[in-house]
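Chain letters run A, B, ... following the sequence lines, proteins first, then strands; residues in each count from 1.
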Amino acid sequence: MDLAHVPQEGQQDRDPATAGWRRVSVAVDAPQHSGLTGPLDYLGPQDLSPGTLVQVGLGRRDTLGIVWDDPPTPESPDDALPEDQLRPVGAALDALPPLSAAWRRLLDFAAAYYQRSVGELALAVLPPQLRDLDDTQLRARLKKLDKAEAAAQQDPVTVAPERPALTGQQAAAFAAVQALAAEPTPPPALLWGLTGSGKTEIYLRAAEEALAQGRQVLVLVPEINLTPQLEARFAARFAGHTIVSLHSGLTPAQRLRHWLSAHLGRAQLVLGTRLAVFASLPRLGLVVVDEEHDPSYKQQDGARYSARDLAVYRGHLEKVPVLLGSATPSLETWQHALAGRYRRIDLTERIGGGELPKVRLFDMNRLERKKGVTTALSVPLLDALRKRLERGEQSLVFLNRRGYAPVLHCDQCNWKSDCPHCSAHQVFHREDRTLRCHHCGVSQRVPRACPSCGNPDIAPLGRGTERLEEQLAEALPGARIARIDADTTRLKGSLEAQLSAVHDGDVDVLVGTQMVAKGHDFRRITLVAAVNPDGALFSNDFRAPERLFSLLMQVGGRAGRDAAQAARSELWVQTWYPEHALYQSLQRHDYEAFASSQLSERVSAGLPPFAHLALVRAEGRTVEAAKEFLEAAQAQAMELPLAMGLLLYPPVPMAVARVANVERYQMLIEAGHRGQLQRFLREWLPSLHTLKRRHKGLLRWAVDIDPLVI
DNA sequence: AGCACGCCGACT
DNA sequence: GTCGGCGTGCTC
């Protein structure tokens, strides 16, 4: 890289080329825990506008930076470097229009809220390839994009797309969305719609309106690979429009191309996963967040942002409507709607009058218990599956645990297949005869006999999808059984292949993990069975019931999408606790009752959405290192006046305390108000960087704002 | 996080 | 004698 100028050993740069240059601030990829927070100061030409990408020297390396907003000029803060110590910026990527002020404000907010440096976040959400291109190469890419654009406009689509007539309820919902868009500062809207109630059609109509006004539309989906049909529906409706996708599954070149297309304002529709919330969209007119309750919207490493929450902020920032769609909204969103901060729009009827599947709670206590033997497959469930087979209908058996059995066990010496590096069991995978740790990934061959006492009779305990598939094959001879989970879909394209086998009717019984619950539309399935869902009822994870309810509603929604079959569609729940309030609400398809009981529990327990949480995690070589660091951090926190009124819980080991020989501890902080928590963290976290240096075995620490799991 | 510098063991 | 182990420290 050719930096314009490299200063000689701290001397002031006297090159005439930089004469008249001024202080500019540049966001660079310097992680917050380096101690550097905001953008750094450089010297740049007068006409360098904010949002421009520039090459800059940082330490001993050259890196890409983004010119940020003007630094506080005259009596700058005391910690600002004097101008003669600033390095000059290098070449600018002038070919690219600068990133807008709205985009920069979104990043400022996200970085501050999730406690990261702006530069780190901003550079992380730009297409990685942008970093490898110079201005000339970029110009070439843009020219290519122009050509492709021109070619596409050669054959304009003239066929008017078919639009289904709206039902009365849909028409009312759409009118509500239109009213929203007409407001000067539209509030976010919760589109609360059952599976099959036609939410997507509302998205399409709303998008159509925005497009008609020359605006761009951003549609977020939880996992793009699980929702190709949404992309297909948008493509079918908006033939002739430019639609691009943005997600991590794209090749670097595709990702750059799609991003550029959005940034230049050419892509009218941008469909993507959580990272797409940061897409640069100069004419944004509408944001849709489909399945807004989905945990995938929360980034789980690095900057742990919630794309759904940022979408709401972005809508507010750009005065643009945000549609949050879900059949089972997150309790946060639901509470916002109850409080009137979000507009609620209801879709409570299924299109075509289709009925919701009948929920049958099968009481496992009624089974005669054969000594010690429990089976996942009760006789009545097998009968129900056989009935489907006879009628030529499909069934889905849902079990959220992959592998053959979660642990191997020796009866004689009590040996268990524990992972040598983690505090977790190694899962028995029969297919390839391995024991695998789902946390650190180590894999080994299954021992022939107990490694501890030599007993040849080591037995699998519990059951996963592999074993369920095997048991179904035994119980239903002749049935065509398929299994879809992370193990059977590892290869590219295999998920699609398996899904189309199901669609083509080549499968009678489908076994699957939650992977099959999301989005896929299996029209011929008339029975969905959850064989072992009780675990979530008594989990330590306060959001487990919420996830279970949503998952069962969603998995049940797989059944009976075909109106003709809806009447005899069933969701079968095998449970030891049929009287549990969650199942009772589920049986009535009563999300409202479920939400209200959960919300009252959350109020009394002081949990979100009635409290705001942050989690500080520490990873160390030893338990002591991790624990003592957090204890010291807490002691420092107690000194701060801002800690008043906050709840700081003592450090505790994480649920899986050791992963790959790293000990993990965490500490919860609870506040009544977001602002209070934010102010405290801003004061407290910087001191942890220095604290880390004094704790030897500490590997790293991180903070998670609004954690999903505590 | 990179990417240096810096001071102690097994090789050409 | 050096190549390289990763501990420590800095980046406008």
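Listed candidates were B:dC3, C:dC12, C:dT8. Nearest to the side chain of A:R87 is C:dC12. Out of B:dC3, C:dC12, C:dT8, the shortest distance to the side chain of A:R61 is found at B:dC3.
The interatomic distance linking A:L86 (CG) with C:dC12 (P) rounds to 10 Å, in whole Å. Atom pair A:H695:NE2 and C:dG7:P shows a separation of 19 Å (rounding to whole Å applied). With rounding to whole Å, A:W68 atom CH2 is found 16 Å from C:dC12 atom C1'. Atom pair A:D62:CG and C:dC12:P shows a separation of 11 Å (rounding to whole Å applied). One atom, CH2 of A:W21, and another, C1' of C:dC12, lie 15 Å apart when rounded to the nearest Å. Atom pair A:H689:NE2 and C:dT11:P shows a separation of 16 Å (rounding to whole Å applied). Separating the CD atom of A:E120 from the C1' atom of C:dT11 is a distance of 15 Å, rounded to the nearest angstrom. What separates CG of A:L64 from P of B:dG2 is a distance of 14 Å, to the nearest Å.
Note on A:R60: only backbone sugar-phosphate atoms sit closer than 4.0 angstrom, heavy atoms only; bases stay farther off.
Among residues two or more places apart in sequence or in another chain, the side chain to side chain contact (heavy atoms under 4.5 Å, CB included) test is passed with A:L264 by A:P97, A:L142, A:L145, A:R266.
For A:N661, the CG atom sits in a packed shell: over 12 heavy atoms of surrounding residues, nucleotides or ligands are nearer than 6.0 Å.
In this structure, CG on A:D487 lies 10.5 Å from OG on A:S494, to the nearest 0.5 angstrom.
Outside the 6.0 Å centre-distance limit, the rings of A:Y113 and A:Y313 are not counted as a close aromatic pair.
Applying the 4.0 Å criterion to OP1 and OP2 of C:dT8, one finds that A:K692 has every side-chain N and O outside that range.
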